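Labels below follow one simple rule: chain letters A, B, ... track the order of the sequence lines, proteins then strands, and each chain is numbered from 1. Keep in mind that this is a model prediction, so the values were computed, not measured.
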Amino acid sequence: MLDIKKIRDNTIEVQAGLNKRGNYDLGPILALDEKRRKTLTNVEEMKSRQNIVSREIPKYKKEGKDCSEIFAEMKELSTKIKDLDAEVKAFDDEMRYQLLSFPNIPNEHVTVGKDESDNKEVRKWGEPRTFDFEIKAHWDIGVDLDILDFERAVKITGARFSMFKGEGARLQRALINFMLYTHCMEHHYTEISPPFMVNRESMTGTGQLPKFEDDAFHIPSKDFFLVPTAEVPVTNIYRDEILAEEDLPQYFTAYTPCFRQEAGSAGRDTRGLIRNHQFDKVEMVKFVHPDNSYQELEDLTQNAERILQLLEIPYRVVELCTGDLGFSSAKTYDIEVWMPSYNRYVEISSCSNFEDYQARRANIRFRDIESNKTRFLHTLNGSGLAVGRTFAAILENYQQADGTVSVPEKLTHYMWGKTVIGK
RNA sequence: GGAGAGAUGUCUGAGCUGGUUGAAGGAGCACGCCUGGAAAGCGUGUGUACACGUAAGUGUACCGAGGGUUCGAAUCCCUCUCUCUCCGCCA
């Protein structure tokens, strides 16, 4: 959420920032703000008078004065106040809704661009392997090895769901454990196992609501949402709280399944593990001091990259341009993994600095030691990594001529010593 | 799911027969005094948000959330949420 005071005082600057992302007009909200403050001043004066008179009444009563005239006047005032209060509340609600509908302003250094074609490759790691046999896509490898079963997943639930079996299920779990181990033991994150359903306030806090309600799976009986990413429950850990400055930074990592309705609507990647309604992900979330959130973003991105380095799978890092940036993000690096069957890099992680955008929505603050004032902190998060896509990348990059898949060395321990899947 | 109790400031804990209560008392914390230093003791201070103001400051709101009654509500009424105890059910 943007700061209404900033919009008011630096309108031109904010408008310029929004223009980098699309068509947004600050006019209506400024008009609303103007009306709200006018009405507020008005009603507050009335309330002040109401308070003053109210304090006098006990004295009058003690003196045995007749108060009926005052009561009549105050009754009228009270009615006016009620009406104006309702007006202010209507302005507040409308303003909040509009404020929630503005995306974050991109960081000033982020390239201005239209769509993903304007994204900038930052670095590359590893060389895509050359195969001396006909390669298969991960869904064929998985089905042939009997470790993935898409048909039965469709029977059980429906399209865009998948089922892991035997060594497939084990590989999935191995990846989760390996990622959590690396982030906790090497990168010093604290593991969280959060609820997989969240309420409306949490979804609003991180920016999924109100604009993207259709993308989420909703439980009507409770008005809960299945988590689309662990970012939602974990970022909301500190919603409506004030932390001490010395408690910053805080790093959390969490495994959760992720549920997304939007997956599938695009009609792309209809086969395999790339785009499903349910997928597993290990997420990293940081709560940091505003002064060093950009260094924290660099570190976070490298924490995610580390997983692919240890698994020895080629990838590249891309900096998103303003047109491709997520709604709440000020700056984002995507990590893309090499996917042989696609013959290109495919997104496997997205690492973002939200600056104070989520913190303001979710009301997460810290107390500044020097001024003793509260300030919004900065939140960041990144996938570390999307497990389903990592699974797919392993099958494809580690496939062998005989149809089996060798297990990355770092994973064999988590695979109970297994070095080749399918043998 | 049924019955009952409760939700107040950083914490504890009054107020709940409606009227200087942002909210007693205590603890904690900060600063000052005292001390060789510390403890104890004494004194002062100690929430958030919004509006107006260059500022000092002033005003308004907030006692789980939202409504209502009233000239006036932390205090009365209704709805919801959460917590605790007992019962039922259950991995």
Side-chain angles (χ1 to χ4, degrees), chain A residues 1-11 29-100 193-205 209 219-225 233 236-248 257 356 358-377:
Chain A
M1 182 162 67
L2 302 181
D3 183 2
I4 184 63
K5 284 184 206 160
K6 194 172 168 189
I7 294 177
R8 194 190 296 151
D9 298 336
N10 305 304
T11 312
I29 195 152
L30 283 170
L32 217 48
D33 177 53
E34 182 77 36
K35 277 192 275 186
R36 184 192 92 101
R37 282 184 298 147
K38 228 176 184 171
T39 313
L40 191 64
T41 307
N42 201 341
V43 74
E44 282 186 357
E45 271 167 22
M46 290 186 187
K47 282 180 180 175
S48 178
R49 168 155 167 73
Q50 185 179 50
N51 286 339
I52 290 167
V53 174
S54 282
R55 278 193 284 264
E56 297 298 318
I57 285 175
K59 293 180 197 163
Y60 294 154
K61 276 193 156 174
K62 227 181 211 170
E63 293 164 10
K65 258 190 180 171
D66 174 30
C67 296
S68 54
E69 206 169 295
I70 300 175
F71 284 169
E73 189 202 328
M74 285 297 104
K75 174 77 182 167
E76 202 179 318
L77 184 65
S78 166
T79 311
K80 273 190 209 154
I81 287 174
K82 217 165 263 181
D83 290 347
L84 288 182
D85 263 346
E87 248 178 70
V88 171
K89 188 173 185 308
F91 286 141
D92 277 342
D93 291 348
E94 178 57 25
M95 268 176 68
R96 177 159 173 88
Y97 182 80
Q98 286 199 20
L99 275 178
L100 291 175
S193 182
F196 296 165
M197 293 185 203
V198 296
N199 59 30
R200 194 166 277 278
E201 290 70 38
S202 294
M203 289 287 275
T204 305
L209 295 184
I219 314 286
S221 64
K222 283 288 199 177
D223 200 21
F224 289 160
F225 296 85
N236 276 282
I237 286 175
Y238 289 128
R239 173 154 50 84
D240 292 322
E241 293 195 35
I242 301 171
L243 307 185
E245 183 171 342
E246 55 265 35
D247 289 342
L248 300 179
D356 66 3
Q358 287 182 330
R360 182 168 275 113
R361 290 175 82 110
N363 194 26
I364 309 171
R365 294 168 293 173
F366 71 98
R367 193 172 295 282
D368 186 280
I369 281 178
E370 244 178 77
S371 66
N372 204 33
K373 292 256 200 253
T374 58
R375 290 176 67 184
F376 290 107
L377 49 73

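If you take atom C1' in B:A23 and the same atom in B:G4, they sit 29 Å apart, rounded to whole Å. Rounded to whole Å, the separation between the C1' atoms of B:U17 and B:U12 comes to 27 Å. Only the C1' atoms considered, B:C76 is 25 Å distant from B:C84, to the nearest whole Å. The P atoms of B:A91 and B:A3 are separated by 25 Å, rounded to the nearest whole Å. Here the separation of B:G26 from B:U85, taken at their C1' atoms, is 28 Å to the nearest Å. On the C1' atoms, B:U21 is 12 Å away from B:A14, given to the nearest whole Å. B:A65 sits 13 Å from B:U10 when the P atoms are compared, rounded to a whole Å. Distance check on atom C1': B:C63 versus B:A74 gives 5 Å, rounded to whole Å.
Across the protein-nucleic acid pair, A:Arg239 atom CZ and B:U48 atom P stand 21 Å apart, rounded to whole Å. Atoms CD1 (A:Ile4) and C1' (B:A51) sit 14 Å apart, rounded to a whole Å. The distance from atom CE of A:Met46 to atom P of B:G72 is 14 Å, rounded to the nearest whole Å. In this entry the distance linking CE of A:Met74 with P of B:A73 reads 13 Å, nearest Å. Note: CD1 (A:Ile81) to P (B:U60) measures 11 Å, nearest angstrom. Rounded to a whole Å, the CG atom of A:Asp66 is 14 Å from the P atom of B:C71. As a whole-Å value, the separation of A:Asn42 CG from B:U60 C1' is 13 Å. Across the protein-nucleic acid pair, A:Leu40 atom CG and B:U60 atom P stand 12 Å apart, rounded to whole Å.
For B:G72, the OP1/OP2 oxygens have a side-chain nitrogen or oxygen of A:Ser78 closer than 4.0 Å. Put simply, A:Asn51 has no side-chain N or O that comes within less than 4.0 Å of OP1 or OP2 on B:G59. For A:Arg365, no side-chain nitrogen or oxygen approaches OP1 or OP2 of B:U48 to under 4.0 Å. In terms of phosphate contacts, A:Arg200 brings no side-chain nitrogen or oxygen within less than 4.0 Å of OP1 or OP2 of B:U81. Note on A:Thr374: a side-chain N or O is less than 4.0 Å away from OP1 or OP2 of B:A49. Taking only side-chain nitrogens and oxygens, A:Lys5 comes nearer than 4.0 Å to OP1 or OP2 of B:C50. Remark: A:Arg37 is in phosphate contact with B:C52, judged by side-chain N or O atoms under 4.0 Å from OP1 or OP2. Between A:Lys47 and B:U60, a side-chain N or O to OP1/OP2 separation shorter than 4.0 Å is absent. Close to B:U60, at under 4.0 Å from its OP1 or OP2, lies a side-chain N or O of A:Ser48.
Side-chain atoms of A:Arg365 and A:Asn363 form a donor-acceptor pair, as typed in the model, at a separation below 3.5 Å. Donor-acceptor pairing under 3.5 Å is recorded for the side chains of A:Ser202 and A:Arg239.
When all heavy atoms are compared, the tightest approach of A:Phe366 to A:Phe376 is CE2-O, 3.8 Å. Looking at every heavy atom in both residues, A:Arg36 comes nearest to A:Met95 through CD-SD, 3.8 Å. A:Pro233 and A:Pro194 make their closest contact through CB-CB, 3.7 Å (heavy atoms, listed as atom of the first residue, atom of the second, distance).
A:Leu32 contributes atom CG, which lies 10.5 Å from atom CG of A:Asp93 (distance to the nearest 0.5 angstrom).
For B:C52, the paired base is B:G57 (Watson-Crick or G-U wobble, both distances below 3.5 Å). The pairing partner recorded for B:C63 is none, the criterion being a Watson-Crick or G-U wobble arrangement whose two distances lie under 3.5 angstrom. Here B:U35 sits opposite no nucleotide as a Watson-Crick or G-U wobble pair (both hydrogen-bonding atom distances under 3.5 Å). B:A74: no Watson-Crick or G-U partner with both key distances under 3.5 Å is found in any strand. Using Watson-Crick or G-U wobble geometry with both donor-acceptor distances under 3.5 Å, B:C29 finds its partner in B:G45. Of all nucleotides present, none satisfies the Watson-Crick or G-U wobble test against B:U17 with each distance under 3.5 Å. B:C82 and B:G6 make up a base pair, with Watson-Crick or G-U wobble contacts both under 3.5 Å.
Side-chain contact between A:Leu84 and A:Glu87 is present, with heavy atoms from C-beta onward closer than 4.5 Å.
Across all strands shown, A:Ile70 has no heavy atoms under 4.0 Å from either base or sugar-phosphate atoms. Nucleic acid contact class of A:Lys89 (heavy atoms, under 4.0 Å, all strands): sugar-phosphate only. Residue-level contact check: A:Arg96 touches neither bases nor backbone, having no heavy atom under 4.0 Å from any strand. Using a 4.0 Å heavy-atom distance criterion, A:Arg49 is classed as making no nucleic acid contact.
Mapping A:Phe71 and A:Thr41 onto RNA chain B by nearest heavy atom places A:Thr41 closer to the 5' end of the strand. When each of A:Arg36 and A:Lys61 is assigned the nucleotide of RNA chain B with its nearest heavy atom, A:Lys61 is the one assigned upstream, toward the 5' end.
Within 6.0 Å of CD in A:Glu69 there are 12 or fewer heavy atoms belonging to other residues, nucleotides or ligands.
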